2 protein chains.
Amino acid sequence: MATIYEVSKLAGVSLATVSRVINNNAPVRQATRDKVEAAMRELGYRPNSAAQSLASQRANSIGILVSELHGPFYGVLLSRIEDEFRRAGKHVIIAAGHSDEALERESIEFLRSRNCDALILHVEAVSDEYLIELAADGCAFVLINRMVPQLADRCITLNNHHGGYLATRHMLEQGHRAIAYISGPMWKHDARERYKGHQQALAQFGVSENPALFFEGDFHETSGVEGLTALRAGAATFTALVCANDEMASGAMTAAHDLGVQVPQQLSIVGFDNVNFAHYTHPKLTTIDYPIGDIAQMAARWVLRNVYQHTNVAALQAVFEPKLVQRDSTCLLTAL
Amino acid sequence: MATIYEVSKLAGVSLATVSRVINNNAPVRQATRDKVEAAMRELGYRPNSAAQSLASQRANSIGILVSELHGPFYGVLLSRIEDEFRRAGKHVIIAAGHSDEALERESIEFLRSRNCDALILHVEAVSDEYLIELAADGCAFVLINRMVPQLADRCITLNNHHGGYLATRHMLEQGHRAIAYISGPMWKHDARERYKGHQQALAQFGVSENPALFFEGDFHETSGVEGLTALRAGAATFTALVCANDEMASGAMTAAHDLGVQVPQQLSIVGFDNVNFAHYTHPKLTTIDYPIGDIAQMAARWVLRNVYQHTNVAALQAVFEPKLVQRDSTCLLTAL
DNA sequence: GCTATAAATGAAAGCGCTTACATAATAGGC
DNA sequence: GCCTATTATGTAAGCGCTTTCATTTATAGC
């Protein structure tokens with residue numbers, strides 16, 4: 001592999017000049033630039049990024065930590081982030097934290113040891129304190145889908161509370177009053193928020209809560225099956241079911257089918273996230289749209305602006321609003 | 001950020017010794033090691049990976065190029081690769097080629113300029129010649145789901161031909177003889193192979209091909225809708241439909257539903273890939289399982305073994321076999 | 001043509017590590 | 001205890017770039 005030195009020799013200029021045309025960060029006469037570029041082409045020169053990083057104290061890489069790499073959700077996230085950074089000539093290093101505290105910490109350390117200029121974190125298990133300490137330690141990062149008040153300026157979130165509210169209000173507006181709820185794990189912040197929104201909608205319509213209509217799942221499909229089964233076996237009847245994400249809604253739909261319960265005629269179901277498979281379900285799932293792609297892009301822009309000092313990026317937005325996507329899994333409470 | 005120099009001073013040893021305990025590649029007395037480790041801990045030392053790469057001529061990073069980052073398929077791929085490399089202390093840089101030749105080339109250049117030790121490529125648009133040249137240029141890479149004869153030792157593939165054969169044979173065994181086929185774009189190697197398998201099965205059962213039963217789609221869901229619609233409007237009738245991937249099968253199922261055709265009673269449908277949403281469809285999709293996770297892991301191991309000289313990795317396997325996953329979208333040809 | 005100023009280029013000192021190679025410490029054989 | 005064979009540690013030369021500072025060259029004003 002040719003080095004900058006060979007290029008400079010072939011072009012008959014100094015190392016510094018070659019570096020200037022590579023980085024385009026200082027005036028170089030056109031004739032000189034042409035000579036250098038010709039030399040680079042002739043040698044098939046490609047800058048050594050390790051040397052660049054070492055000398056410039058810039059890695060031009062951004063670490064991304066998500067819970068899982070597979071799944072409909074994170075793919076979109078990664079895709080948008082990569083897209084945005086590629087355009088800026090940065091690259092993306094990925095890691096998975098699997099919603100496990102130790103793994104999340106280890107992954108963050110891993111990414112830091114890679115000298116990433118910034119991190120984009122979608123973490124669930126580490127504590128607020130850990131993140132605050134991380135920030136104090138000088139690590140540049142932005143948080144997706146998590147609000148830590150002391151770090152508010154680096155949090156990009158969805159209004160989960162409002163999303164939960166919208167889902168349940170939709171059911172209420174359709175005439176339902178007996179509304180069951182399958183939650184995500186309550187130790188997760190977004191699960192709690194969504195549930196609070198649910199409560200708010202109920203309160204607004206004067207419907208009192210019934211513990212027999214609540215089931216705590218784990219955001220996976222199987223807990224949707226378990227949830228509906230358990231709720232049906234419970235003390236209360238219901239005509240609508242709000243699920244805190246689409247996976248569980250899908251599981252609930254399968255369970256309903258197996259129990260001979262018609263969706264939506266006998267049971268309306270709403271999900272949350274609007275992941276790509278939501279319209280593969282039968283009936284197609286009514287859900288709350290989570291604009292994860294937009295959020296991801298915003299996180300990338302936050303980095304471009306705050307870490308790389310790009311001034312031409314669009315204004316930053318910290319909170320995104322979910323919206324209802326009405327499909328075929330919910331209907332008016334009529335014949336029961 | 002503390003440097004190795006400060007660690008060495010605090011521990012009262014030389015730079016070289018610190019380096020040795022970091023890399024654990026030369027004998028160091030336990031007492032010395034302890035001193036160094038204590039010093040590292042005290043200073044919160046983390047090696048600078050750019051400096052390591054520069055000095056060692058090893059980036060410890062692997063570039064992954066896939067067509068898309070989102071979608072059910074690549075998520076699994078990335079997940080398994082990341083997993084495997086993380087364990088080995090390597091990191092993964094990702095890029096998307098979007099099935100576009102220029103973009104694929106550019107992405108490869110991008111990854112190379114990042115000095116990746118190796119690349120794992122899932123490319124569709126670049127030519128065999130380009131890849132051969134790339135190999136001749138000394139670039140270490142492994143190819144997923146693509147067979148270039150001259151590069152056979154670095155190709156890890158699925159037996160697409162056999163997969164296509166299995167799908168159609170399944171239909172034939174169920175008694176179907178009028179079998180339509182929705183293909184992927186025929187410029188893609190895997191699409192062609194799957195179709196050849198289909199042809200082989202037909203031939204084996206003595207069924208002659210009918211051009212009116214063939215539709216070339218683009219592997220996306222919408223072309224499944226278009227495909228079924230066009231085939232139904234065509235000159236021939238059929239009781240079974242083989243789709244070259246699950247997305248198109250899902251589109252075909254939607255179209256069937258809209259056309260009032262019952263699946264599988266009136267029309268059996270089989271897909272290909274067994275992506276995660278295949279069991280969200282209604283009825284659940286019978287399909288051909290593509291063990292993409294295993295293939296991805298194998299690619300990672302190829303790199304570990306051939307690039308990093310890890311000798312303890314399990315034996316390499318170049319060709320993976322697909323298998324039929326029978327669910328609810330196909331049935332015996334009985335009442336028609 | 002001569003100076004004052006600005007623009008373009010060059011020289012050289014690192015960036016933080018790895019790794020020959022040289023040297024020092026330790027262990028083993030007698 | 002002495003010599004040799006190991007084993008452990010230190011010295012120092014890069015790895016390929018960026019960047020400050022000094023120097024040269026061009027531009028303009030008179």
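Numbered from 1 within each chain, the chains take letters A, B, ... in sequence-line order. In this text, all values refer to a predicted model and were calculated from it rather than measured experimentally. Below, all heavy atoms of this structure are taken into account, side chains as well, without hydrogens, waters or symmetry copies.
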Using a 4.0 Å heavy-atom cut-off, write out nucleotides 20-28 of chain C from 5' to 3' as B (base contacted by protein), S (sugar-phosphate only) or - (no contact). B-----S--

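Every residue two or more places apart in sequence or in another chain was checked for a side chain to side chain donor-acceptor pair (under 3.5 Å) with Ser53(B), and none qualifies.
Put simply, the side chain of Glu124(B) reaches to within 4.5 Å of the side chain of Trp187(B), judged on heavy atoms. Looking only at side-chain heavy atoms (C-beta outward), Arg112(B) and Ile108(B) come within less than 4.5 Å of each other.
Contact annotation: Gln57(B) side-chain N/O to dC15(D) OP1/OP2 distance is not under 4.0 Å. Contact between the side-chain N/O atoms of Asn48(A) and the OP1/OP2 oxygens of dC15(D) is not found at any separation under 4.0 Å. Residue Thr32(B) places at least one side-chain N or O under 4.0 Å from the OP1 or OP2 atom of dT9(D). Taking only side-chain nitrogens and oxygens, Ser14(A) comes nearer than 4.0 Å to OP1 or OP2 of dG10(C). For the OP1/OP2 pair of dG10(D) and a distance below 4.0 Å, the side-chain nitrogens and oxygens of Thr17(B) include at least one atom meeting the criterion. In this model, the phosphate group of dA11(C) is not approached by any side-chain N or O of Tyr5(A) to a distance below 4.0 Å at OP1 or OP2. Residue Ser19(A) has a polar side-chain atom (N or O) positioned under 4.0 Å from OP1 or OP2 of dT18(D).
Distance NZ (Lys35(A)) to C1' (dA8(C)): 12 Å, rounded to an integer number of Å. In this structure, Asn25(B) atom CG and dA8(D) atom C1' are separated by 13 Å, rounded to whole Å. Here dC21(D) presents its P atom at 19 Å from CG of Leu15(A), a figure rounded to the nearest Å. To the nearest angstrom, C1' of dC17(D) lies 17 Å from CG of Asn24(A). Following rounding to the nearest Å, Leu43(A) (CG) and dG16(D) (P) show an atom-to-atom distance of 14 Å. Glu6(A) has its CD atom 11 Å from the C1' atom of dG16(D), to the nearest Å. dG16(C) atom C1' lies 18 Å from atom CZ of Arg58(A), rounded to whole Å. If you take CE of Met40(A) and P of dG16(D), they are 17 Å apart, rounded to a whole angstrom.
With dT18(C), dT9(C), dG16(C) as the candidates, the nucleotide lying closest to the side chain of Thr3(B) is dG16(C).
The pair Arg105(B)-Glu101(B) counts as a salt bridge, with a side-chain nitrogen and a carboxylate oxygen less than 4.0 angstrom apart.
Each of Ala55(B) and Val13(B) has a nearest nucleotide on DNA chain D; the 5'-most of these lies closest to Val13(B). Of the two residues near DNA chain C, Gly12(A) and Leu54(B), the one whose nearest nucleotide lies more 5' is Gly12(A).
Two rings, from Tyr74(A) and His122(A), have their centers less than 6.0 Å apart. Between Tyr290(A) and Phe320(A), the distance separating the two ring centers is not shorter than 6.0 angstrom.
Counting non-hydrogen atoms of neighbouring residues, nucleotides and ligands closer than 6.0 angstrom, the CD atom of Glu133(B) reaches no more than 12 such neighbours.
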Going through the checks in order, is the side-chain contact (heavy atoms from CB on, under 4.5 Å) test met by Leu43(B) and Glu6(B)? CA-CA 8 Å; Leu43(B) 293 169; Glu6(B) 299 166 44; 4.1 Å; yes

